[in-house]
Structures are given as C-alpha cells and as structure tokens.
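In what follows, a single structure is set out as structure tokens and then discussed.
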Amino acid sequence: MLFVIAAMETQLSNGPTCNNTSNGPSTITNNCSSPVESGSVEDSKTNLIVNYLPQNMTQEELKSLFGSIGEIESCKLVRDKITGQSLGYGFVNYVDPKDAEKAINTLNGLRLQTKTIKVSYARPSSASIRDANLYVSGLPKTMTQKELEQLFSQYGRIITSRILVDQVTGEYSVSRGVGFIRFDRRVEAEEAIKGLNCQKPPGATEPITVKFANNPSQKTSQALLSQLYQSPNRRYPGPLAQQAQRFRLDNLLNMAYGVKSRFSPMAIDGVTSLAGINIPGHAGTGWCIFVYNLAPDADESILWQMFGPFGAVTNVKVIRDFNTNKCKGFGFVTMTNYDEAAVAIASLNGYRLGDRVLQVSFKTNKTHKA
DNA sequence: TTCAATT
C-alpha cells in the first residue's frame, strides 16, 4: 500500500495543532502536541506517538513516512499480541529533537486514506499512565465534547476525549450518548469514577455511567468473526425469503416507473435532525430496529441472515452480557431504507426462530439504565 | 423476560 505524500495537509505553517476531525478522539484543550506541555525533565523531546494510522499501514511504511523528516532512532507499530493486527498507533523516536518537532509540524493532521493521523510527543512510558481510559454512557444527547471535558477535567488532566455519534450527515450528527475520556494518570480516572459514576451532570435528567473502558485489543474472536458477515449471502430459504425478494422486486419496479410506495416518509427523513423531532427507530442515516427474544447463543450472523433479504442492512448488533458473553435476549439492526425496514418488521415480528417467537419493532427511546 | 453502544 502506497501513501501519497502529495495528500499532505497544510500543517506546515500552522505549527502544532490538535486533531479535531471526526475519525479520532481529540483534546479540546490546546495542549495535545505543544512542546510546552512536556514540563517534566524526563519527557523525551525525540519520541513521538502517532495515532489514527490506517489499519493496513505497516511499520515499514510508518518508518518510511517519518524517515522523510530526518534520521529515525527507532520506530514501532503497535500490534495486537494475538492477531498481529495493527492497533492503529505507533511510536517514532528521532535522533534529533528538531526532527521530532518538525515531524509534528509537518505530519500531524496528515490525511492517510480515511484517517487523519495525530502526531504528538509521547508521554514517558510508566505504569501510572496505563488503564486511565474511561467509558462513559448515558450522556445527554445534547452534551458537547467540550462540556464532557469540562465535567471530567476537575479530576485531572485529560489526554483525549470523544463522544460517539451516529453517522454524520452533512453538518449534522447525533450523539449516541456514549464517549471516552482518557486521563493522564490512572488515579485521576479512579477519582472520576468515584465522583461521576451514577451522577447526573448539571442540567441532566438521567445519571451517567462511568467505568474503565475495555481494552480494544481484547476484541473477541467472535467479534472478529462477525465482521466476516459484513457481506452476508442473501440465501435464506423458505417463504420469508420469497416475501423479501418480492418486496425488493416491487421496489425496483417502483423505481423504474416512478411509483412511490405508500410507505416512504422520505420527506421527513431529511429534516429530522434539523427539526429535532423524534421518529421511532430513526438514527441519523438509517432506521434502527429492536429485535427481542433472541436466544442466549444468538450471534450477529443470524441477524444478517434474517434482515439482509429485506434490503440494505448497515449494521447489526447482538447485545451481550459483559461477563458471560451470552446474548441478553435482544439486539439491533440498522436498515437504510424505511420501506425495507417496515416490511422486515412486518414480516419478522412474531417470527419463530428455534423455539422462540421474536418481537420486532422500530427501536424506541426507552431511557438509559445504568 | 422488552431498547445498547467500547474510539
């Protein structure tokens, strides 16, 4: 894979900047790559951490890219211990501190494929900065990243923060009420949990949940396997498939002849985020469907198989217990088109899967319970 | 038995 230097962004004259693009966490506070932040004498002036690297970028390519700035003492792409997959970040240690500074000024914010890389000074490796990452849920949908940081900053220095959003449509995006806060030190994260878990943020009606984040590297083999189903085959025997196929054919005919289905609230689709009105199941770009009464051993593939034949499915999720990894009895499916989602619901609600009768509906806005 | 979420 080649990385085109010509795609380099105009960071050259701007100096160190924070990466506030949508593909990675970012700090609001303007300290994320400034040399001034390294107050400690122990802080290296040559060692850089590079975040948000494209998944397929190799250590050699990382070295090649950063070697264009100056002589590199060492370079390491961090990989998953088991799978060998890149974890999307790495370290580059220069011989000359001036080159490290130059690399920040030149390469921070560089766009590589779908990513915008972040280049900043690495903090000294130590036990105290490990496991300082928090997962926060139940946030008010109106809370901004800045407000999130303000809430947590009383407990320590925030390294990165992020609020997860539904897929961005133009300028608009909707918070999923879930986010991350990485503190400088673990003790700060512990204090934040004590102080904020199960507490209502100012003005909020519901308490938030604050806990240590999962380690992303311990992504289960099950989760990795489920990615193989991102291209589900559409073979699904039985009358259901025929119903689904007939509907798809109807859709094609409608498109060809300009016939508008009696469903299709497409007109509302484009304005929901502007008007702030809530339509069941509607989340930014698709229609979220609640599937209830799944078996404990249900997995993502069954959802792909059931819903795929009805049309464009962008996401499926089986909700599992964190400890047992067994399905908690429900899951979610996101479909792009209202018509297809509506037919899928009409067809699959009451459907017998094994010895269970499924209940399928648009997702409602039942409130978060910690 | 009825609505999550893990950059």
Side-chain angles (χ1 to χ4, degrees), chain A residues 19-27 51-55 78 80 85-89 114-118 131-139 141 145 148-149 158-168 173-183 189 206 208-220 222-224 226-227 278 280-284 286-296 298 300 303 314-323 325-334 345 349-350 355-370:
Chain A
N19 170 10
N20 280 332
T21 57
S22 62
N23 72 352
S26 56
T27 45
N51 283 291
Y52 315 123
L53 294 167
Q55 180 63 43
V78 180
D80 182 279
Q85 295 272 315
S86 165
L87 295 182
Y89 70 99
T114 61
K115 302 286 190 177
T116 301
I117 69 170
K118 177 184 174 184
D131 304 316
N133 195 25
L134 297 179
Y135 174 75
V136 188
S137 59
L139 295 168
K141 298 285 202 278
Q145 189 187 6
L148 180 68
E149 289 206 357
I158 294 168
I159 301 301
T160 58
S161 73
R162 165 162 238 202
I163 290 178
L164 301 189
V165 296
D166 285 315
Q167 192 172 328
V168 180
S173 59
V174 179
S175 166
R176 295 166 71 188
V178 173
F180 293 90
I181 295 278
R182 180 180 291 280
F183 278 103
E206 297 297 325
I208 62 173
T209 300
V210 184
K211 54 190 188 182
F212 284 110
N214 292 347
N215 189 334
S217 70
Q218 70 192 27
K219 191 173 190 180
T220 64
Q222 205 168 18
L224 289 169
S226 80
Q227 292 184 337
N278 254 328
H282 186 64
W287 297 87
C288 190
I289 298 166
F290 175 59
V291 184
Y292 182 71
N293 212 14
L294 295 169
E300 271 74 9
L303 294 178
T314 57
N315 191 254
V316 303
K317 183 81 186 168
V318 169
I319 305 306
R320 296 184 172 84
D321 180 89
F322 181 80
N323 295 312
N325 214 32
K326 291 291 184 188
C327 174
K328 288 160 86 168
F330 63 96
F332 297 94
V333 174
T334 305
I345 289 169
N349 185 38
D355 56 354
R356 291 160 171 267
V357 176
L358 299 185
Q359 293 170 50
V360 183
S361 63
F362 281 116
K363 180 189 178 304
T364 63
N365 260 341
K366 293 201 173 170
T367 51
H368 165 94
K369 290 191 191 75

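Scope of the values below: all heavy atoms of this structure, side chains included, with no hydrogens, waters or symmetry mates. Below, read A as the first sequence line, B as the second, and so on, with proteins coming before strands; counting in each chain starts at 1.
Using a 4.0 Å cut-off, no side-chain N or O of A:Arg320 falls inside it from OP1 or OP2 of B:dA5. For the pair A:Lys328 and B:dT2, the criterion of a side-chain N or O lying under 4.0 Å from OP1 or OP2 is not met.
Taking only side-chain atoms of A:Tyr292, from C-beta outward, the nucleotide of B:dT2, B:dC3, B:dA4 with the closest atom is B:dT2. Comparing B:dA4, B:dC3, B:dT6 by their closest approach to the side chain of A:Ile319 singles out B:dA4. With B:dC3, B:dT6, B:dT2 as the choices, the nucleotide that has an atom nearest any side-chain atom of A:Thr364 turns out to be B:dC3. Comparing atom distances between the A:Val178 side chain and each of B:dT1, B:dA5, B:dT6 picks out B:dA5 as nearest.
A straight line from CG of A:Asn293 to P of B:dT2 spans 11 Å, rounded to a whole angstrom. One interatomic measurement links the two molecules: CG of A:Asp355 to P of B:dT1, which rounds to 17 Å at whole-angstrom precision. Between A:Ile208 atom CD1 and B:dA5 atom C1' the separation is 15 Å, expressed in whole Å. Counting to the nearest Å, the P atom of B:dA4 and the CD atom of A:Glu300 are 16 Å from each other. One interatomic measurement links the two molecules: CZ of A:Phe322 to P of B:dA5, which rounds to 10 Å at whole-angstrom precision. With rounding to whole Å, A:Phe362 atom CZ is found 18 Å from B:dA4 atom P. A:Asp321 has its CG atom 15 Å from the P atom of B:dT6, to the nearest Å. What separates CD of A:Glu206 from P of B:dC3 is a distance of 14 Å, to the nearest Å.
Looking at A:Phe332 and A:Phe290, their side chains come closer than 4.5 Å, going by heavy atoms from C-beta outward. Residues A:Asn349 and A:Gln359 are in side-chain contact: their nearest non-hydrogen atoms beyond the backbone lie under 4.5 Å apart. By the 4.5 Å heavy-atom criterion applied to side chains, A:Thr116 and A:Tyr52 are not counted as neighbours.
Within 4.0 Å (heavy atoms only), A:Phe330 reaches sugar-phosphate atoms of the nucleic acid but no base atom.
Ranked by how close their nearest DNA chain B nucleotide is to the 5' end, A:Tyr135 and A:Arg356 are led by A:Arg356.
Shown here are the side chain to side chain contact (heavy atoms under 4.5 Å, CB included) partners of A:Val178, two or more places apart in sequence or in another chain: A:Tyr135, A:Ser137, A:Leu164. Under the rule for a ring-ring contact (aromatic ring centres under 6.0 Å, His included), A:Tyr292 has no partner lying at least two apart in sequence or in another chain.
The side-chain ring of A:Phe332 is stacked on the base of B:dA4, judged by centre separation under 5.5 angstrom and plane angle under 30 degrees.
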